Asks: 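This is the structure, below, for whatever I ask next.
Note that ligands are numbered from 1 as they come in the structure, with each ligand's atoms numbered from 1 the same way. All of these numbers come straight from a predicted model, not from anything done at the bench.
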Amino acid sequence: MTSERADVVVVGAGPAGSLAARFSALGGARTILLDRRPELGHPVQCGEFVPSARELADIFASPDLFDGTFDLPAEAIQRETRTMACIAPSGRRYEFPLEGVSVARRAFDKALAYRAEGAGAELRNPAGVVRVRDGTVELATGGRIEARVVIGADGPVSVVARSAGVQLPRQMYRMITASAPGAFAPRLDLFFGSVAPGGYAWSIPKLDGANVGLGAFGPSDGRSLDALLDAFVASQGWDGAVDRTRWWVPIGAPPVTAVAGRSLLTGDAANLVMATNGAGIPTAMISGRDAGTIAALHVRDGTPLRAYDPLWKRHLFGPLRRGHRVKRAADPVARSDPLLELGMRYIGATGLDDVMRLRWPARLGGAN
Ligand SMILES: Cc1cc2nc3c(=O)[nH]c(=O)nc-3n(C[C@H](O)[C@H](O)[C@H](O)COP(=O)(O)OP(=O)(O)OC[C@H]3O[C@@H](n4cnc5c(N)ncnc54)[C@H](O)[C@@H]3O)c2cc1C
């Protein structure tokens, strides 16, 4: 059995892993970035929407975050959007401004991984990890890498978290995503109600058509995700939805700690997702950057790995915890179309804007 050594091994080359590897390598650590996929970013398991850095600065209110972390790779950007609409079960629309872009994850994930390589990290794929034991990363091929730090950036079904005995409380939302051909307006549409029981459906404009899909949790009258998507696409009069994939979004409170022994957990592996809308790309990038920074400091001067917790918490904890509370409060309403209709009418576009930004709706008062 072959065995080698590295300062930092990052498991998973999604947005969290590539940012982690980039900042770890920039900090001088010998960094290996592993991903089990033969092609990074493919198949696409994402709606592919990223808010602008200005919107993220408003949501996360951490000025030190916006120093280049969100320079999105130009080759991955597809369409700009300026508006979001939340659509009630009756079809009534509530619109508010939200700047962002749609990206092609197939290009986005590769570009972020190449930036990590450019900073000095060594990218290896396909390279699946089957287990991590006290800093020893065991590969599907039978090889091993001894690492001083392991960064778990391996998504919602994380081998690194499981190996470290970490079980975060969460609800796993079932999601389906697909491509719909046609001409779509430059805005993000979210559809609520029985179209996507307990969750929502979306259309996000792309260069050639739209990314369409939905996420559901709880009762869906025995309907499969595909059946729900067929009904959604038909209700909008679109010309089908192809290239379907299914995956999970972990919705839960942010963890008390994302450090377990020599492992640091990031992105979906640590539940770091915006609970009210299931968005996890920006939080993956932020937590990845923070984990890579601390891993490199640990290698360089012995900074304790637990320094990762206060760093990611300063950037993410407050808004993510608030978003989780808002989501929990809204869940009973989201299970009934008439209640949802009334609730959306009561809080209006301003309140829905608040919810998407992880804030209590202004109309319900207090608690932010
Ligand atoms: C259908 C759907 C739509 C979504 N839409 C949006 C959206 O529009 N905007 C948004 O911000 N968020 C969205 N999300 C959430 C977003 O996709 C995730 O939060 C984000 O990708 C998390 O990044 P990550 O780097 O933590 O994990 P991932 O992007 O999941 O990357 C994990 C990587 O780890 C690799 N990996 C996994 N296990 C192993 C292993 N054992 N060994 C080696 N490699 C491994 C995988 O191959 C993968 O490349 C959506 C999610 C879904 C499912």
Asks: Which pair of non-hydrogen atoms, one from T283 and one from V273, has the smallest distance, and what is that distance?
Replies: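 Of all heavy-atom pairs spanning T283 and V273, the closest is OG1-CA, 4.1 Å.
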Asks: Please confirm whether I204 comes within less than 3.5 Å of ligand 1 when only nitrogen or oxygen atoms on both sides are compared.
Replies: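 Looking only at distances, the answer is no, because the N/O contact criterion of under 3.5 Å is not met.
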Asks: Using a 3.5 Å cut-off on N or O atoms only, is R105 in polar contact with ligand 1?
Replies: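 The answer is yes, given that R105 and ligand 1 share an N or O pair closer than 3.5 Å.
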Asks: Which one holds for V129 and ligand 1: side chain close, backbone close, both close, or neither close, with close meaning a heavy atom under 4.0 Å?
Replies: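 Under 4.0 Å from ligand 1, V129 contributes backbone and side-chain atoms.
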Asks: If I compare all heavy atoms of F184 with all of P181, which pair ends up nearest, and what's the gap?
Replies: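 Smallest heavy-atom distance, with atoms named: CE1-O, 3.7 Å.
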Asks: Using the six-membered ring wherever Trp is involved, compare the ring planes of Y200 and F192 and label them parallel, tilted or perpendicular (cut-offs 30° and 60°).
Replies: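 Because their plane-to-plane angle lies in the 30° to 60° range, the rings of Y200 and F192 count as tilted.
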Asks: What about E48: any of its N or O atoms under 3.5 Å from an N or O on ligand 1?
Replies: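 Yes, at least one N or O pair falls under 3.5 Å.
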Asks: So is P156 polar-close to ligand 1, meaning N/O to N/O under 3.5 Å?
Replies: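 In fact, backbone or side chain, P156 has no N or O that close.
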Asks: Which atoms form the tightest heavy-atom contact between R36 and G128, and what is the distance?
Replies: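 Looks like CB-CA, 3.6 Å.
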Asks: Mind checking whether P15 contacts ligand 1 via backbone (N, CA, C, O), side chain (CB onward), both or neither, at a 4.0 Å heavy-atom cut-off?
Replies: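 Within the 4.0 Å criterion, P15 contacts ligand 1 through backbone and side-chain atoms alike.
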Asks: How does S158 reach ligand 1, by side chain, by backbone, by both or by neither, if only non-hydrogen atoms under 4.0 Å count?
Replies: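 No part of S158 is near ligand 1 at this cut-off.
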Asks: Quick one: look up the protein heavy atom nearest atom 35 (C) of ligand 1 and list residue, atom name and how far away it is.
Replies: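 Looking at atom 35 (C) of ligand 1, the protein heavy atom closest to it is D35 OD2, 3.2 Å.
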Asks: Does any N or O atom in D268 lie less than 3.5 angstrom from one in ligand 1, N or O only?
Replies: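 The answer is yes, given that D268 and ligand 1 share an N or O pair closer than 3.5 Å.
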Asks: Looking only at distances, please establish whether an N/O atom of ligand 1 is found under 3.5 Å from an N/O atom of A16.
Replies: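 Yes; the residue has a nitrogen or oxygen that sits under 3.5 Å from a nitrogen or oxygen of the ligand.
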Asks: So does R314 have more than 12 non-hydrogen atoms from other groups sitting under 6.0 Å from CZ?
Replies: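 Yes, CZ of R314 has more than 12 neighbouring heavy atoms, counting only those of other groups under 6.0 Å.
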Asks: Any N or O of A269 that comes nearer than 3.5 Å to an N or O of ligand 1?
Replies: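 Checking ligand 1 against A269, no N or O pair falls under 3.5 Å apart.
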Asks: Using a plain distance cutoff, I'd like to know if W247 has any nitrogen or oxygen under 3.5 Å from a nitrogen or oxygen of ligand 1.
Replies: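 In fact, backbone or side chain, W247 has no N or O that close.
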Asks: With a 3.5 Å cut-off and no angle check, do the side chains of S90 and E341 form a donor-acceptor pair?
Replies: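 Indeed, the side chains of S90 and E341 share at least one donor-acceptor pair under 3.5 Å.
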Asks: Ignoring angles and geometry beyond distance, decide whether C46 reaches within less than 3.5 Å of ligand 1 through its nitrogen or oxygen atoms.
Replies: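 No, C46 has no N/O under 3.5 Å of an N/O on ligand 1.
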Asks: Are the side chain of D154 and the backbone N or O of V160 linked by a donor-acceptor pair below 3.5 Å?
Replies: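 Between the backbone of V160 and the side chain of D154 there is a qualifying donor-acceptor contact (under 3.5 Å).
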Asks: Give the ring-plane orientation class for Y308 versus W312, where under 30° counts as parallel, over 60° as perpendicular and anything between as tilted.
Replies: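 Because their plane-to-plane angle lies in the 30° to 60° range, the rings of Y308 and W312 count as tilted.
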Asks: Is the shortest N/O to N/O distance between I176 and ligand 1 below 3.5 Å?
Replies: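 No.
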